[in-house]
Protein chains: 2
Amino acid sequence: MEIRRDIFQAIADPTRRAIIALLALQAMTPNALAEHFNTSRQAVSKHIKILTECELVEQEQQGREIYYSLQIQKMKEIDKWLDQFRKIWETQFNQLDQVLATLKKQKK
Amino acid sequence: MEIRRDIFQAIADPTRRAIIALLALQAMTPNALAEHFNTSRQAVSKHIKILTECELVEQEQQGREIYYSLQIQKMKEIDKWLDQFRKIWETQFNQLDQVLATLKKQKK
DNA sequence: TATACGTGCAATTATCTGGTTGCGCAAATT
DNA sequence: AATTTGCGCAACCAGATAATTGCACGTATA
């Protein structure tokens, strides 16, 4: 199997984003997660599977329970992708800043 | 119509991410965009429509051509969503830093 | 005016997606 | 030993998605 998953596809679903946010705070079992949503445990398990496939989530078995936790450094990939745009919006912000400064100067 | 679109869904598709990256550099027409991909112009137009629906893209008509450009400040929404995780990964980094410092101290 | 060009939109289709239900299995509880 | 609990997996289904083709319309060009 081992389907190549994409982190951008992983965060596209609102339920998965909520799961990610919960797991960022503490490791949880599928049952505990499912209590936060209006869906079945199996549906949550499917989401977890997708998150696991793109290495966003890690599991640790404890007896018959499985605790899932977020691999937070994986989230940096999104941050890294944003870099190309961050450069631009910061430039635009600086330009706006200069315009405002010029206007202020003219007022004097 | 006016379907409420989600920026996270918008960036889920790799072609759309490529379109966003291109439009970040300069405004382009659908035809010009389509030349960069293995799909039809109509397919690109559909992607543009989705990007427009979530206000990621703006259009300016020039004669019979339409130039689309990226509304880059919209990308900050993703950055803002990442904030909650950024706090955590920075904390973890600091903790790692402390561990390393402690190890270094012990070596002395 | 006739023709070519740039574009959006509708209809169609194959595939993906997210959800459900019903298992089976191993671990805990009785 | 029998039952309950937690879990993953497979089958199934309705709706979304991405792509194609065909078309209509306005703008440029001959």
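Proteins get letters first, then strands, A, B, ... in listed order; numbering begins at 1 in each.
In this structure, B:F8 places its CZ atom 16 Å from P of D:dT17, rounding to the nearest Å. Regarding A:L33, its CG atom lies at a distance of 13 Å from the C1' atom of D:dG6, rounded to whole Å. Regarding A:Q42, its CD atom lies at a distance of 18 Å from the P atom of D:dC13, rounded to whole Å. Taking atom CD on B:E65 and atom P on D:dA28, their separation rounds to 9 Å, with Å as the unit. Look at CD1 on B:I50: it is 14 Å from C1' on C:dG8, rounded to the nearest Å. Whole-Å rounding puts the A:N38 CG to C:dG19 P distance at 10 Å. Distance, B:D13 CG to D:dT17 P: 11 Å, rounded to whole Å. Taking atom CD1 of residue B:I48 and atom P of nucleotide C:dC9, one finds them 11 Å apart after rounding to whole Å.
Counting only distance, with no hydrogens or angles, the side chain of B:R17 and the backbone of B:I11 share a donor-acceptor pair below 3.5 Å. Between the A:R5 side chain and the A:E53 main chain, no donor and acceptor come within less than 3.5 Å of each other. Looking only at distances, no side-chain donor or acceptor of B:E55 sits under 3.5 Å from a matching main-chain atom of B:T52.
The phosphate of D:dT17 (OP1 or OP2) has no side-chain N or O of B:H47 nearer than 4.0 angstrom. Residue A:R16 has a polar side-chain atom (N or O) positioned under 4.0 Å from OP1 or OP2 of C:dG18. Contact between the side-chain N/O atoms of A:Q59 and the OP1/OP2 oxygens of D:dG8 is not found at any separation under 4.0 Å. For the OP1/OP2 pair of C:dG19 and a distance below 4.0 Å, the side-chain nitrogens and oxygens of A:S40 include no atom meeting the criterion. Residue B:S45 places no side-chain N or O under 4.0 Å from the OP1 or OP2 atom of C:dT7. Within the structure, every side-chain polar atom (N or O) of B:Q61 is placed at least 4.0 Å from both OP1 and OP2 of D:dT27. Between B:N31 and the phosphate of C:dT7, there is a side-chain N or O to OP1/OP2 separation shorter than 4.0 Å.
In terms of position along DNA chain C, the nucleotide closest to B:R41 lies nearer the 5' end than the nucleotide closest to the other residue of the pair A:G63 and B:R41. Projected onto DNA chain D by closest heavy-atom contact, A:A32 and B:T39 fall at different nucleotides, the more 5' of which corresponds to A:A32.
Judged by atom type and distance alone, B:K49 does not reach the base of C:dG8 through any side-chain donor-acceptor pair under 3.5 Å. With hydrogens and angles ignored, a donor-acceptor pair under 3.5 angstrom links the side chain of A:R64 to the base of D:dT5. In this model, no side-chain donor or acceptor of A:Q62 finds a partner on the base of D:dG6 within 3.5 Å.
With contacts defined as side-chain heavy-atom distances shorter than 4.5 Å, the pair A:D79/B:D79 qualifies.
A:K74 and A:E77 are joined by a salt bridge, as a carboxylate oxygen and a charged side-chain nitrogen come within less than 4.0 angstrom of each other.
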